[in-house]
Amino acid sequence: MKIVEANGLGLRTRRGWVYRDIGLSAEAGELHAVTGPPGSGRTSLLLALAGRFPHTHGELRRRGPAALGQVAGVHEPDPTLTVAEHIQERLLLLGPVPRRRRQLVPVAAVRARRAYRRDAFAAAIAGAGFTDAPLDPDRYGRDLTPVERQVLGLVLASLSGPNLIVADDVDAGADAPERAWIWTALSRLADQGYAVVASARAVEPGATAITHRIGDPALPGPALVAPRAAAEADLTPEVTA
């Protein structure tokens with residue numbers, strides 16, 4: 001089942017193109033990687049795919065809800081909450097899965113939301129398939145390493161049982177073993193039936209991801225700007241007649 005489809009997608013602002021002519025189609029159970037150098041528009045593209053940021057050109061279709069993992073400057077851990085408290089808070093906000101939606105939400109997410117009163121952390125980690133995750137439930141958000149922030153973001157995203165999960169800069173601040181682990185973890189999420197789109201500078205060798213390269217100055221195409229478009233005040237989309 002096709003979850004998100006972009007055809008000729010682009011964002012042009014007063015400063016120029018952030019990204020343009022993007023074609024991407026992700027089905028349930030697929031892992032896609034958007035790669036490119038800093039400033040290539042990866043973050044803005046991911047936010048657009050998730051319905052959190054506008055686009056000015058092309059077509060975008062998405063089936064069902066989307067959830068954000070870690071997106072620096074946009075969707076990050078609260079520095080004053082522990083990992084366990086993040087999970088408990090998210091489960092309380094989500095509440096139980098309505099009966100009419102239970103056939104549409106992964107079983108693991110339903111079980112996690114039922115178990116929040118007993119052991120929210122263990123249920124959420126197991127539900128995401130991250131029982132080997134390098135994550136301490138008592139660690140505060142401000143003390144998390146880049147990889148731990150990614151893991152927490154993915155766990156929180158999975159709790160709502162979305163169709164699409166996006167995560168940004170998944171290889172930032174990670175060494176080779178950590179990068180290998182995070183790509184394996186992303187594959188596990190896809191194996192559960194989510195469509196997963198992650199951005200990175202490059203895909204780790206051996207990762208089973210469909211790769212989309214954007215913003216490479218060695219390739220024909222426009223110069224791309226504004227890697228953190230969602231946080232830039234002057235990135236008002238250009239209005240065309």
Side-chain angles (χ1 to χ4, degrees), residues 2-27 30-76 146 150 153-154 157 162-173 179 182-183 186 190 194-204 207 209-241:
K2 198 167 290 184
I3 301 300
V4 63
E5 184 175 13
N7 292 305
L9 202 68
L11 172 61
R12 185 178 177 86
T13 74
R14 295 168 185 169
R15 293 175 56 186
W17 287 99
V18 179
Y19 59 84
R20 69 182 296 183
D21 297 332
I22 300 298
L24 186 153
S25 178
E27 298 193 3
E30 288 184 345
L31 169 60
H32 289 250
V34 177
T35 67
S40 59
R42 290 179 287 142
T43 301
S44 300
L45 174 59
L46 257 64
L47 291 171
L49 294 175
R52 306 299 180 91
F53 203 63
H55 62 278
T56 57
H57 294 69
E59 297 180 347
L60 175 63
R61 290 184 291 273
R62 187 177 54 256
R63 181 187 180 95
L68 298 182
Q70 161 78 6
V71 181
V74 178
H75 193 255
E76 299 182 290
Q150 290 289 347
L154 293 171
N163 288 10
L164 171 67
I165 294 176
V166 304
D168 191 34
D169 278 342
V170 296
D171 56 351
R179 292 194 300 270
I182 198 72
W183 283 108
L186 291 166
Y194 301 106
V196 181
V197 183
S199 79
R201 295 194 181 190
V203 177
E204 196 69 8
I210 302 168
T211 304
H212 310 265
R213 178 82 181 175
I214 67 172
D216 192 332
L219 300 176
L224 303 180
V225 297
R228 297 292 175 202
E232 295 281 352
D234 62 343
L235 289 189
T236 305
E238 181 182 66
V239 178
T240 57

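When a residue number appears, it is its place in the shown sequence, counting from 1.
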**Message:** When you compare the side chain of R42 with that of D169, does any pair of heavy atoms fall below 4.5 Å?
**Reply:** yes
**Euclidean distance, I214 CD1 relative to D21 CG, rounded to 0.5 Å** = 11.5 Å
**Asked** Between NE2 of H32 and OG of S25, what distance do you get to the nearest 0.5 Å?
**Response** 6.5 Å
**Request:** Work out which heavy atom in G41 is nearest to a heavy atom in Y19; give both atom names and the distance.
**Result:** O-CD2, 3.9 Å
**Request:** Enter the distance from L9:CG to L24:CG here, rounded to the nearest 0.5 Å.
**Result:** 9.0 Å
**Request:** Verify side-chain contact (heavy atoms from CB on, under 4.5 Å) between R12 and H57, making sure each step is shown before the conclusion.
**Result:** CA-CA 8 Å; R12 185 178 177 86; H57 294 69; 4.0 Å; yes
**Item:** Of R63, R61, R62, the residue whose pairing with E5 passes side-chain hydrogen bond (donor to acceptor under 3.5 Å, both in side chains)
**Value:** R61
**Request:** Please name the pair of heavy atoms, one in A167 and one in L46, separated by the smallest distance, quoted to 0.1 Å.
**Result:** O-CD2, 3.0 Å
**Item:** CA sep, side-chain torsions, deciding dist, call: V4, L60, side-chain contact (heavy atoms from CB on, under 4.5 Å)
**Value:** CA-CA 7 Å; V4 63; L60 175 63; 3.8 Å; yes
**Request:** For residues A67 and P162, report the shortest heavy-atom separation together with the two atoms involved.
**Result:** CB-CG, 3.6 Å
**Item:** Gap separating the CG atom of L68 from the CZ atom of R52, nearest 0.5 angstrom
**Value:** 4.0 Å
**Prompt:** Are Q70 and E76 side-chain neighbours, meaning at least one heavy-atom pair lies under 4.5 Å?
**Reply:** yes
**Prompt:** Tell me, do L186 and L154 make a side-chain contact under 4.5 Å, heavy atoms counted?
**Reply:** yes
**Prompt:** Is there side-chain contact between T43 and F53, with at least one heavy-atom pair below 4.5 Å?
**Reply:** no
**Message:** Show, in sequence, the C-alpha distance, side-chain angles and deciding distance for Y194 and I3, and conclude whether the side-chain contact (heavy atoms from CB on, under 4.5 Å) test is met.
**Reply:** CA-CA 9 Å; Y194 301 106; I3 301 300; over 6 Å; no
**Item:** Side-chain touch L47/V166, heavy atoms, less than 4.5 angstrom
**Value:** no
**Message:** If you compare all heavy atoms of R213 against all heavy atoms of T35, which two are closest, and at what distance to 0.1 Å?
**Reply:** CD-OG1, 3.3 Å
**Item:** Over all atoms of both residues, closest heavy-atom pair of A209 and V203
**Value:** CB-CG1, 4.5 Å
**Asked** Can you name the closest pair of heavy atoms from L11 and P54 and give their distance?
**Response** CD1-O, 3.8 Å
**Message:** Nearest 0.5 Å, please: how far is CG in N163 from CD in E27?
**Reply:** 12.5 Å
**Request:** May I ask you to test the S199-H212 pair for a side-chain heavy-atom distance under 4.5 Å?
**Result:** no
